[in-house]
Amino acid sequence: MKKFLMILIILVTITTVTTIVYMSVFGKETLRVLKVSTTTSLYVTGLLEKLAEEFRKEYPNVVIQFIAVGTGRALEIASKGDVDMVFVHAPSLEHKYINRGTLVDGHIIAYNYFVIVGPKDDPAGIKGLNNPVKALRRIYNAGVSGMTLFISRGDNSGTHIRELALWRKAGLNPIGQKWYIESGTGMSKTLMIANERKAYTLSDIGTYLKLKGEGILGRLEVLVDKGEGLINIYSAYIVNPEKYKVNYELAKLFLEFVLSRKGQKIINEYGRKLFGRPLFYSAYGKENELKELWNTLLEH
Amino acid sequence: MYTEIYGIALRSLLISSTATLLALVWSIPFTAKLISIRHRSKDIIIGIFNTLIGLPTVLVGLVLYLLFSYSGPLGFLELLYTPYTIIIGESILITPLVISLLYEVFSRAYNEYWELALTLGADKLQAYKLIIREVISDIFVVSLISFSRAIGELGVALIVGGNIKGYTRVFTTAIALEIEKGEFETAIILGLLLFIVVLSVILTARIIKRRV
C-alpha cells in the first residue's frame, strides 16, 4: 500500500511538472501571435498553411493561428473581437460587417469558381449547361418528381449564401421540401453526403478537387462550371483596431505578404501539380475587374 | 507528419490530465463535505450531479465561448483559443462524473470505517487517515475514468480551443479536421492512438481495482 502511495505521488508530480514545463514552452507568447478566422476552403486545401509557412521564412518570430470555420462564423468571431484578421468569401455578408464597422482594409486576394456537382448518371440532365440558374430549375423539377436529391450546406457559409442567392435568382424556394436536405456541416462532409446519397450540391472547386484527389468522391462529377453567378471571390480583412484590441501591424504585414507578387504567385500555383489544375487564381492585376464582380454579388 | 502526431498526442494527454487534476482539486473536498451532511438535501444534490454527467459537451463549449470571448464578461483574460480554456472546460465537463463516482467511494469507506474506527478508540485525525488510505487507490481509478471522458470529448476543444495547429489541436479536433480534409488515413491513425490511450487507461483502472 505504501509503495503504491509512493508511485501515485511520483506520477502526480511528474504530470504536474511536465505540464508546467510544457505550458511554459508553448504557452508563453515569446512569439508574436496573429489570430485569423477563415473559411474552411482556404484552410482545408492547405493554401493558408502554405502562405503562413512562406511568410514565416521572412518573419520567423511570428506565429499565425488559423481558426477554420464557415464564412458566417468566421465573421461572427471577428465581430466579437476574438481574432485579428479574417479570410472569407461571401460579399453580401462581408458588406454587412463592413457597414457595422467590424472590418477594415479589405482586399480581394483570390478567386475561383463554384461548381454544381452531382451523380455521374445526372438524373436532372444538367451536364454541360452554361447557366447555373437553369441547372437549378432542372434539379428542382427532378427533385419534385422524386428523381433526385439536393444537399445544401445550411450553415450560413459563403457557399450556402451563394446557393440561396442562385435559388432566388431562379425564382424558386426549395427549403422545406423532401428532396432538399440541409446538412448543416462543412463543404467536405456535404460533398461526402452527396456522394453517398447520389445527390447534387454546390461546391467551391478547391474543396471538390482536394477531396476528389483523395479518391473519396467516386460517384460525383462536375456537371456545371460555367455561367454567370459562379465566380467565387475570396477577400481578406483586418478587424477594426479602433473597436477591438487587434494586432494591427502584424495583420497588415501578413495581408501585404498575401497581396505581394510572391504571395499571389503561391496562390496561383498552389495545387497545380497535385490536382492537374489550380485550386485558386490570383487576384493580381485583376483587382478592378474582380471588384466590379464583387459589387454585383451584393445585390443578392 | 509524425512529429505533428506526437505533438497532438502529448498535448491531448497533458490538457486532459491537467483538467482531471483540476476537477479532483475541487471535487474531493466537496464530496467529503457532502458525505458528512445528515440531511435529505444530500440526495437531491448528488441526484443533480448524477444527472449532469450527461451534460452536452457543446453546451459547455458554447457557454465558455460566450464567457471568454473578447466581448464577454471574462474577455479581458484573453484565454479564448488557448489550451487553458480547454482545460477549464474539460474540468467543468467531468466534475459531475468525478463527484458522482467519488460519492460512491467515499460513502462506502465512510460507512465501513468511520464509526468503526471511532468505536475502536481512534481519534478523528486517525479515522481520517484510515479512510484516506482506504480510498486513495479508488480515487486514482476515478481519475482514470474521468480522464478518458475528458480526452475523448470534442465539443469543448473545438469551440473554445479553435483547433489551432501546434497549440490547441488535440486528438478529437485533429480527427475531425483530417476527415474534413478527406485524409482518412491520418484520421484513422489518430483515432487508433486515441483508442489505445483510452483502452490502456481503462485497463489500468480495472487492474488497480482488482488488486485492492
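Order of the sequence lines fixes the chain letters, A, B, ..., with proteins taken first and strands second; residue numbering starts at 1 for each chain.
In terms of heavy-atom pairs under 4.5 angstrom with chain B, the leader among Val12(A), Val83(A), Ile77(A) is Ile77(A). Residue with the most contacts toward chain A among Ser143(B), Ser69(B), Gly162(B): Ser69(B) (heavy-atom pairs, distance under 4.5 Å). Between chain B and the residues Lys210(A), Lys80(A), Lys245(A), the most heavy-atom pairs under 4.5 angstrom are made by Lys80(A).
There is no side-chain donor-acceptor pair under 3.5 Å between Arg169(B) and Thr173(B). If you check the side chains of Tyr103(B) and Asn50(B), you find no donor sitting under 3.5 Å from an acceptor.
Both the backbone and the side chain of Tyr81(B) come within less than 4.5 Å of a heavy atom in chain A. Heavy atoms of Glu185(B) lying under 4.5 Å from chain A are absent altogether. For Leu13(B), no part lies under 4.5 angstrom from a heavy atom of chain A. Both the backbone and the side chain of Tyr244(A) come within less than 4.5 Å of a heavy atom in chain B. Looking at Leu80(B), both its backbone and its side chain come within 4.5 Å of chain A, counting heavy atoms on both sides. Neither the backbone nor the side chain of Ile132(B) comes within less than 4.5 Å of any heavy atom of chain A.
Closest heavy-atom contact between Ser152(A) and His160(A): OG-CD2, 3.4 Å. In terms of heavy atoms, Gly152(B) sits closest to Thr172(B) at O-CG2, 3.5 Å.
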For residues 85-99 of chain B, tabulate all N or O donor-acceptor pairs below 3.5 Å that involve a side-chain atom, not counting sequence neighbours.
from	atom 1	to	atom 2	distance (Å)
Thr85(B)	OG1	Leu79(B)	O	2.8
Thr85(B)	OG1	Thr82(B)	O	2.9
Glu90(B)	OE1	Ser16(B)	OG	3.2
Ser91(B)	OG	Ile87(B)	O	3.1
Ser91(B)	OG	Ile88(B)	O	2.7
Thr95(B)	OG1	Trp26(B)	NE1	2.9
Thr95(B)	OG1	Ser91(B)	O	2.5

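Here the OG1 atom belonging to Thr40(A) is positioned 14.0 Å from the CZ atom belonging to Phe87(A), to the nearest 0.5 angstrom. Here CG of Leu48(A) is found 4.5 Å from CZ of Phe66(A). Values are rounded to the nearest 0.5 Å.
Ring centroid separation for the pair Phe30(B) and Phe49(B) comes in under the 6.0 Å cut-off.
Contact residues of residues 181-191 of chain A toward chain B are Gly186(A), Met187(A), Ser188(A), Lys189(A) (heavy-atom distance under 4.5 Å).
The number of heavy-atom neighbours closer than 6.0 Å to CZ of Arg206(B), taken from other residues, nucleotides and ligands shown, is 12 or below.
A cation-pi contact, defined as under 6.0 Å to the ring centre and within 45° of the axis, links Arg100(A) to Tyr97(A).
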